[in-house]
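Lettering follows sequence order; numbering is per chain, from 1.
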Number of protein chains: 2
Amino acid sequence: MRLTSHKALRRGRDPRSDKPVFRQIADHLREAIQNGTLAPGDKLPSEAEFVAHYEVARMTVRSALQQLQTEGLVLSEHGRGVFVRPRPQIRRLASDRFARRHRQEGKAAFLAESASAGAEPTVDLIHVREEVADADIARRLGLATGEPVLVRSRRYALNGSPVETATSYIPARIARGTRISEDNPGPGGVYARLEDLGHVLGHFEEEVTARMPAPDEIEILQLRTGIPVFCLIRTAFDVTGNPVEVCDTILSSDVYVLTYDLPAR
Amino acid sequence: MRLTSHKALRRGRDPRSDKPVFRQIADHLREAIQNGTLAPGDKLPSEAEFVAHYEVARMTVRSALQQLQTEGLVLSEHGRGVFVRPRPQIRRLASDRFARRHRQEGKAAFLAESASAGAEPTVDLIHVREEVADADIARRLGLATGEPVLVRSRRYALNGSPVETATSYIPARIARGTRISEDNPGPGGVYARLEDLGHVLGHFEEEVTARMPAPDEIEILQLRTGIPVFCLIRTAFDVTGNPVEVCDTILSSDVYVLTYDLPAR
DNA sequence: TAGTGGTCTAGACCACGAC
DNA sequence: TCGTGGTCTAGACCACTAG
């Protein structure tokens, strides 16, 4: 980026504006990013260059850059510089992604979709254990208080970048002693095993919320500042209407577009 | 909140931690908020009190508070103090919210849901005009380039607080000269009028993304720092599979839970 | 080693809110 | 008026990256 002259900004506030100086600088840069003057991946001028150009203190420049960072427009790399955030490859999650026809191809949902998108999927951080369900999970699964559930946690990555964590809860009375309790539940995943066991799936209910990530989520998903997460809580019901599984998923929101089909009647 | 003594934090960094001081302060406060020591609505100690307690510069305290603000945990009010963010009343959007049986009650979706939730709904900022569709809208509506669309913009509020903006795009060849072009489209809303005109609705496709809001969105939805927005782009199809409307909706994510029903087959 | 961003200090003046 | 947070300055030292 070439710094053009903005005399009005020098020596304190622009008299034509009551906006704080750091906001005016942030607005300049935001506009440059949105109109393409600064393209994704481009390096911004250094803080020192901004200080010289605008004739302000370094903290004022940093406030402007911080503002853009919390908007998710730029990212800073210690020792390298500040860059316009590149747009990651987008993953679309379709509402039919748990349809039986997909399970019958023998692949779990994540692996099947990734393969078709041409990215290299990996799964790690698998923990499988039994616990007493917390109040919310127990309510969703219709469990008695104190009833045990099987908890399956895993993290999914594409081309080495984490994109999603998921934690499944299955009543222990269903899962105990079956392949669902093993690290690898086999072809088609947990849902295929549930159907093998006679719990034919009828439908799913999915709740979607969004919020800023907690520090532990930033770490596990390697998130950048300014990127919210989607929280999905999905309940699987069998054909008789009984809940058989709850899955709590955290998605990095810059990677995902969720698509749903809604009925008109 | 009563400030307990944290000698380890005084006089610079805790030698047992390589975390920056402002992060340690933020972590303390985050924990107090999450374990309930600081309840929603509570006032935090003033910056001056933190400065005296931790024996750090004011900017260090402000960095910690800024951190919590971008996480959406606290909000600051100029001249009053910093407060633990109160949780607003939640609205659930169900996937059957555009079902015909709801339209037939004669109410548009937003008003019908709000009434049942006991909140006072208002709609303002209505603009109705004809424009040339941009590339994305034209693609979704299957329009020729340059073909005009009717654009309907409005903002919805509950009990005086804005919660949602929506912009509808309807091909002008369908809407022109009908009640759809008027400010008040009549009972049941635009969808009811489309069906009156013979465009019987078949289904909707909804795309959900989340991101940090742009400054104009912060203003129009009166958002606080640290709250992402949902972006919904919904396309309405008639029973013959032709798109008849696209609706672009921005939701404040701390007010909404989206719920969807997914098929298992 | 030079340049970058990350943290921190110790002040200053201002704008807003409550009393 | 006084206490609050908002902005800004002019430095300092540190940690990371690159050549």
Side-chain angles (χ1 to χ4, degrees), chain A residues 1 3 8-15 17-27 29 41-70 73-85 215 218 224-226, chain B residues 1 3 8-15 17-27 29 41-70 73-85 215 218 224-226:
Chain A
M1 181 198 193
L3 287 177
L9 269 178
R10 296 184 178 172
R11 295 256 152 249
R13 302 184 179 194
D14 179 350
S17 165
D18 55 0
K19 271 192 294 196
V21 175
F22 83 90
R23 277 213 152 279
Q24 298 182 40
I25 297 174
D27 291 348
L29 293 172
D42 281 2
K43 185 178 178 303
L44 270 61
S46 74
E47 295 180 356
E49 289 174 296
F50 281 127
V51 164
H53 177 74
Y54 291 115
E55 298 179 27
V56 295
R58 188 177 161 218
M59 282 303 301
T60 304
V61 169
R62 284 183 61 77
S63 293
L65 294 173
Q66 168 118 19
Q67 173 68 30
L68 296 176
Q69 214 171 351
T70 65
L73 293 178
V74 305
L75 57 89
S76 64
E77 298 190 25
H78 196 169
R80 298 223 310 133
V82 179
F83 301 84
V84 180
R85 176 188 290 282
I218 290 177
R224 300 286 189 166
T225 345
Chain B
M1 182 199 192
L3 288 176
L9 269 179
R10 296 184 178 172
R11 296 253 150 253
R13 302 185 178 193
D14 179 350
S17 166
D18 55 0
K19 270 192 295 194
V21 175
F22 83 90
R23 275 210 157 281
Q24 298 181 40
I25 297 175
D27 291 348
L29 293 172
D42 282 1
K43 184 180 180 304
L44 271 61
S46 74
E47 296 180 355
E49 288 173 298
F50 281 128
V51 164
H53 177 73
Y54 290 116
E55 298 180 25
V56 295
R58 187 175 162 221
M59 280 306 299
T60 305
V61 170
R62 283 183 62 78
S63 294
L65 293 173
Q66 167 119 20
Q67 174 68 30
L68 296 176
Q69 213 171 353
T70 64
L73 294 177
V74 306
L75 57 89
S76 65
E77 298 191 25
H78 195 169
R80 297 220 312 131
V82 179
F83 301 84
V84 180
R85 174 188 291 281
I218 290 177
R224 301 284 188 167
T225 345

**Message:** Nearest to the side chain of A:Phe22, heavy atoms from C-beta on, is which of D:dG5, C:dG5, D:dC8?
**Reply:** D:dC8

**Message:** For the CD atom of B:Glu47 and the CD atom of B:Glu49, what is their distance to the nearest 0.5 Å?
**Reply:** 11.0 Å

**Asked** A:Ala57 has a side chain; which of D:dA10, C:dC8, D:dG6 sits nearest to it?
**Response** D:dA10

**Prompt:** Which whole-number value in Å describes the distance from B:Leu75 CG to D:dT4 P?
**Reply:** 17 Å

**Request:** Check whether the side chain of A:Arg62 and the base of C:dT7 form a donor-acceptor pair under 3.5 Å.
**Result:** no

**Request:** Measure the distance from CG on B:Leu68 to P on D:dG5 and round it to the nearest whole Å.
**Result:** 14 Å

**Request:** Between B:Gly79 and B:Ser76, name the one whose nearest nucleotide on DNA chain D is closer to the 5' end.
**Result:** B:Gly79

**Asked** For the side chain of B:Gln24 and the backbone of B:Lys19, is there at least one donor-acceptor N/O pair under 3.5 Å apart?
**Response** yes

**Message:** I need the CZ-C1' distance between B:Arg224 and D:dG5, as an integer number of Å.
**Reply:** 13 Å

**Prompt:** Once you round it to whole Å, what is the distance between P of D:dG6 and CD of A:Gln66?
**Reply:** 13 Å

**Whole angstrom value for the distance that separates C1' of C:dA10 from CD of B:Glu47** = 15 Å

**Item:** Pairwise distance OG1(A:Thr225) to CD(B:Gln67) - rounded to 0.5 angstrom
**Value:** 8.0 Å

**Prompt:** Which nucleotide in the list C:dA18, D:dG5, C:dT9 gets nearest to the side chain of B:His78?
**Reply:** D:dG5

**Prompt:** What does D:dG19 pair with, Watson-Crick or G-U, if both distances are under 3.5 Å?
**Reply:** none

**Message:** Rounding to an integer number of Å, can you tell me how far A:Glu55 CD sits from D:dT7 C1'?
**Reply:** 18 Å

**Item:** Rounded distance in Å - CZ (B:Phe50) to P (D:dG3)
**Value:** 18 Å

**Length of the line joining A:Leu44:CG and C:dG3:C1', which is rounded to integer Å** = 16 Å

**Asked** Has the side chain of A:Arg58 got a donor or acceptor that lies under 3.5 Å from a partner of the other kind on the base of C:dT7?
**Response** yes

**Message:** Assuming nearest nucleotide by heavy-atom distance, tell me which of A:Glu77 and B:Met59 is located more 5' along DNA chain C.
**Reply:** A:Glu77

